[in-house]
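Not measured: the values here are computed from a predicted model. Each residue takes its place number in the sequence, starting with 1. Values below: every heavy atom of this structure, side chains too, minus hydrogens, waters and symmetry copies.
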Amino acid sequence: MLAIKHGNRALVLVLHEIYGINDHMELAAASIAEQGFDVLVPDLIGRNPPFSYDQSERAYRNFVDAVGFDSAFEQVKKLLAEEAKDYDEIHIVGFSVGATVAWLCSQLDHIASVTAFYGSRIRDYRKITPLCPVLLIYGEREKSFNVADFIAEVAEGSIEAVSLPGEHGFADLFAPVFDKNSRQKALDLMKNFQKTHSTILN
């Protein structure tokens, strides 16, 4: 687990992609911590070192076959119960498969906000009704579904959804599909969203 702690009463739990806790996750955690949040990045796949990008198919199969969304959700729920003893406010940020796990966590009653970056499998869990504000961020070009149609369908009530130029993974500085402008816009959206729904950092 990666931990960045300031002794704050507000925590952000960052949920990684299929690769594990790599440089992208470390950079994301550091960026979030700059706002004053404590940050934890749990290792949901139990792998050190993480998978490399050229092992994407192997990493995907590992997550699907050895972990899965339900097991990852249970891991995170257990961690949330433990951390709730030490924090007055907990936010969750997820990327890709971690975004879908973050979406699953939105149904829990003690979460301040959820931000999900390109969680393509969220569409398989549409029946969930979030109990906290949710921000969904997608690249305009997803291979597996129509982003514009999905956003039009899902964005209602406590759910905000936006699309930015780029592909799945555009916010990853180390990925071939990295988009500098969209990454910055996404980070700004996330930080403003967290600040809006924080009673501690306001």
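Side-chain contact between Leu108 and Lys77 is present, with at least one heavy-atom pair separated by less than 4.5 Å. For the pair Lys78 and Glu82, the minimum side-chain heavy-atom distance is below 4.5 Å. For the pair Met190/Gln194, a side-chain contact is recorded, criterion being any heavy-atom separation below 4.5 Å from C-beta on. Under the 4.5 Å side-chain criterion, counting only non-hydrogen atoms from C-beta, Ile92 is not in contact with Val12. Contact check for Leu189 versus Leu135: side-chain heavy atoms found under the 4.5 Å cut-off.
Judged purely by atom type and a 3.5 angstrom limit, Asn62 has no side-chain atom pairing as donor or acceptor with the backbone of Arg58. A donor-acceptor pair under 3.5 Å links the side-chain atoms of Asn22 to the main chain of Met25, judged by distance alone. Judged purely by atom type and a 3.5 angstrom limit, Ser198 has no side-chain atom pairing as donor or acceptor with the backbone of Lys195. With hydrogens and angles ignored, the 3.5 Å screen pairs no side-chain donor or acceptor of His168 with any backbone N or O of Gly139. Under a 3.5 Å cut-off, the side chain of Gln55 and the backbone N or O of Ser52 do form a donor-acceptor pair. In this structure a side-chain-to-backbone donor-acceptor pair under 3.5 Å is present from Thr196 to Asn192. With hydrogens and angles ignored, the 3.5 Å screen pairs no side-chain donor or acceptor of Glu83 with any backbone N or O of Leu80. Checking side-chain atoms of Asp38 against main-chain N and O of Gly7 turns up a donor-acceptor pair under 3.5 Å. Remark: the backbone N or O of Gly98 is not paired with any side-chain donor or acceptor of Ser96 at under 3.5 angstrom.
To the nearest 0.5 Å, the span separating CG on Leu136 from OG on Ser163 amounts to 11.5 Å. Interatomic distance, SG of Cys132 versus CD1 of Ile111, reported as 6.5 Å (0.5 Å rounding). Note that the CD1 atom of Ile159 and the OG1 atom of Thr129 stand 8.0 Å from one another [nearest 0.5 Å]. Taking CD1 from Ile137 and CZ from Phe117, the interatomic distance works out to 4.0 Å, rounded to the nearest 0.5 Å. The structure places CG of Leu104 at 7.5 Å from CG of Asp70, a figure rounded to the nearest 0.5 Å. Going from atom OG of Ser113 over to atom CD of Glu89 covers 8.0 Å, rounded to the nearest 0.5 Å.
Summarising the local packing, NZ of Lys185 is surrounded by 12 or fewer heavy atoms from other residues, nucleotides or ligands at distances under 6.0 Å.
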**Message:** With side-chain hydrogen bond (donor to acceptor under 3.5 Å, both in side chains) as the criterion, how do Asp172 and Tyr53 come out once you've worked through the C-alpha distance, each side chain's angles and the decisive distance to 0.1 Å?
**Reply:** CA-CA 11 Å; Asp172 184 348; Tyr53 293 115; 2.5 Å; yes
**Request:** Carefully, step by step, assess Val162 and Ile151 under the rule side-chain contact (heavy atoms from CB on, under 4.5 Å).
**Result:** CA-CA 7 Å; Val162 299; Ile151 285 178; 5.5 Å; no
**Request:** I would like to know whether Phe178 and Phe170 meet ring pair (Phe, Tyr, Trp, His ring centres under 6.0 Å); could you show each step before the answer?
**Result:** CA-CA 4 Å; Phe178 168 63; Phe170 71 83; 9.0 Å; no
**Request:** Determine, step by step, whether Phe63 and Phe69 satisfy the ring pair (Phe, Tyr, Trp, His ring centres under 6.0 Å) criterion, reporting the C-alpha distance in whole Å, the side-chain angles of both residues, the deciding distance to 0.1 Å, and the verdict.
**Result:** CA-CA 8 Å; Phe63 181 82; Phe69 290 113; 5.2 Å; yes
**Message:** I'd like to know whether His24 forms a ring pair (Phe, Tyr, Trp, His ring centres under 6.0 Å) with Phe174, so could you lay out the CA-CA distance, the side-chain angles of the two residues, the decisive distance to 0.1 Å, and finally the verdict.
**Reply:** CA-CA 7 Å; His24 169 41; Phe174 306 96; 7.3 Å; no
**Request:** Show your working on side-chain contact (heavy atoms from CB on, under 4.5 Å) between Ile32 and His91 and close with a plain yes or no.
**Result:** CA-CA 11 Å; Ile32 292 168; His91 304 257; over 6 Å; no
**Item:** Verdict with reasoning, Lys191 to Ser31, per side-chain hydrogen bond (donor to acceptor under 3.5 Å, both in side chains)
**Value:** CA-CA 9 Å; Lys191 290 178 179 180; Ser31 178; 3.1 Å; yes
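Here the closest heavy-atom approach between residue Ala29 and residue Val41 is recorded as CB-CG2, 3.9 Å. When all heavy atoms of Pro50 and Ile21 are compared, the pair lying nearest together is CG-O, 3.6 Å. Closest of all the heavy-atom pairs between Leu164 and Ser182 is CD1-O, 3.5 Å. In terms of heavy-atom proximity, Pro130 sits nearest to Ile128 at CD-O, 3.5 Å. Pairing each heavy atom of Leu44 with each of Gln75, the nearest pair is O-NE2, 3.2 Å. Heavy-atom minimum distance, Val147 versus Glu142: CG2-CG, 3.4 Å.
Each of Leu2, Leu15, Val14 was scored for a side-chain contact (heavy atoms from CB on, under 4.5 Å) with Pro42, with one residue passing: Leu15.
Leu131 and Leu11 fall into different hydrophobic clusters, where Ile, Leu, Val, Met, Phe, Trp and Tyr side chains are chained together by heavy-atom contacts under 4.5 Å. In the hydrophobic cluster analysis, where Ile, Leu, Val, Met, Phe, Trp and Tyr join through side-chain heavy atoms closer than 4.5 angstrom, Val177 is grouped apart from Tyr118.
Under 4.0 Å is where a charged nitrogen must lie from a carboxylate oxygen, and between Arg121 and Asp124 at least one such pair does. Under a 4.0 Å N-O distance rule, the pair Glu153/Arg126 qualifies as a salt bridge.
In this structure Arg9 satisfies the salt bridge (charged side-chain N to carboxylate O under 4.0 Å, His left out) test together with Asp88, sequence neighbours excluded.
Under the 6.0 Å cut-off for aromatic ring centres, Tyr125 and Phe73 do not qualify, their centroids lying 6.0 Å or more apart. Ring to ring, Phe150 and Tyr138 are close: their centroids are under 6.0 angstrom apart. Here the two rings, on His16 and Phe95, have centers that are 6.0 Å apart or farther.
A cation-pi contact links Arg47 to Phe51, judged by a cut-off of 6.0 Å to the six-membered ring centre and 45° from its axis.
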